[in-house]
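Scroll down for the structure; my scribbles are underneath it.
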Number of protein chains: 2
Amino acid sequence: MTTTDPQVPPVLALARPPKELRSSTAHLLKRFGSVVKERSAAAYEPTGFSPYHHAVLALLDEEPPETQAMIADALGYDRSHLVGLLDELEERGLIERRRDPSDRRRHLVSLTAEGKRTLKRLRTIAKSVDAELFAPLDPEQRETLHALLVLLANHHESRRHAGTS
Amino acid sequence: MTTTDPQVPPVLALARPPKELRSSTAHLLKRFGSVVKERSAAAYEPTGFSPYHHAVLALLDEEPPETQAMIADALGYDRSHLVGLLDELEERGLIERRRDPSDRRRHLVSLTAEGKRTLKRLRTIAKSVDAELFAPLDPEQRETLHALLVLLANHHESRRHAGTS
DNA sequence: TATTGTTATACTCTATAACTATA
DNA sequence: TATAGTTATAGAGTATAACAATA
């Protein structure tokens, strides 16, 4: 301040957040969480799908055909959000919707063979995003990070619907 | 599947995401990152401020009066986003904007005494959010988590403007 | 009357572009 | 002509509410 030359030394005007933020775990988590979100959205983008689509396919691959409400609840999505995702997946032949004969209000959703193939492609993308994001960590550190996040996730599970994919 | 009773056993239809997601560190990070974001936004809400305001005040508390461009760059915000934040802070007397006499296009932004007081209040809120979010971790685990996030943050620093506060 | 899937609407966030005043 | 701050606009993402078919 005071008499310091106001001419900015061109290079060293480094954009650095305040210590107070850098020292906050919560802040780092928010920040890095959104980096992860951006990076993975970008990585999926060329396929025309998103992490949301991947989540739906992964669920259907593990579970028997389910109703839309069950899918939405399992993934923490809003039911109306799910409709659009399923429309897109169905259009491209990755899933099938058929009416539940025992309750004609319901749709039973299931994975097609093409859906399984695409799921494998999306897994490859997820893997490469992981590799990039966690490059600075060695395998043991990744394990540790994962374990800590699982602890946190289990504890905060009981939250409302969220929908971050 | 097959002949399994389609009548859902009322209680155990637990909304559980697929293993594939639960086992993905990237997914957990996205998810928990947005939980953090929601929780802290909610905690700040009664004050009429947001984590963004807190970030600006914290920066000004550490640095001499800065121009808006420098603040925006340091926090990774868009310059136009910052304008509104500063308007709100100024209205409530927490910061001051005055023209830089040596370049009348610039505003030099500084913290007022009232701003410092409010900053302290916001720190208290941040602390209580932290306590709640990281309750399931013991002090050593928190340290570990923080250290891992710092590693990641340093590595991915060179990213564009983000603005997750 | 309640529920499933659907459609429509609104609201928040953020990114982009256009404008002014100074340089 | 370029830059700092400002204003305005538009786009994603998500949440809420209303609706038709079925129970």
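Bear in mind the structure is a predicted one, so any value in this text is a computation, not a measurement.
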Separation of atom [atom1] in [X] from atom [atom2] in [N], rounded to whole Å:
X	N	atom1	atom2	answer
His81(A)	dA8(C)	NE2	P	17 Å
Arg98(B)	dG5(D)	CZ	C1'	16 Å
Glu66(B)	dA4(D)	CD	C1'	15 Å
Arg31(B)	dT14(D)	CZ	P	11 Å
Ile71(B)	dT6(D)	CD1	P	10 Å
Leu89(A)	dG5(C)	CG	P	15 Å

- Val129(B), Leu151(A): one ILVMFWY side-chain cluster at the under-4.5 Å cut-off? yes
- Any chain of hydrophobic side-chain contacts (each under 4.5 Å) joining Tyr52(A) to Val83(A)? no
- In terms of the nearest nucleotide of DNA chain D, which residue is placed more toward the 5' end: Ala41(A) or Arg79(B)? Arg79(B)
- Measure from the ring center of His53(B) to the ring center of Tyr44(B) and say whether it is less than 6.0 Å. no
Short N/O separations, protein against nucleotides 18-23 of chain C, under 3.5 angstrom:
unit_1: dA23(C); atom_1: OP1; unit_2: Arg104(B); atom_2: N; d: 3.0

Which nucleotide sits closest to the side chain of [X]: [options]?
X	options	answer
Ser80(A)	dT6(C), dG5(D), dT7(D)	dT6(C)
Lys37(A)	dT4(C), dT14(C), dG13(D)	dG13(D)
Tyr52(A)	dT14(C), dT7(D), dT14(D)	dT14(D)

- Item | N/O donor-acceptor pair, side chain Thr67(A) with base dT4(C), under 3.5 angstrom | no
- Report the C-alpha separation of Glu20(B) and His27(B) in whole Å, then their side-chain angles, then the decisive distance to 0.1 Å, and conclude whether the side chain to side chain donor-acceptor pair (under 3.5 Å) test is met. CA-CA 10 Å; Glu20(B) 182 164 341; His27(B) 178 260; over 6 Å; no
- Query: Under 3.5 Å, is there a donor-acceptor pair between the side chain of Thr67(B) and the main chain of His107(B)?
  - Reply: no
- Item | Pair Asp130(B) + Arg123(B), salt bridge at N-O below 4.0 Å | no
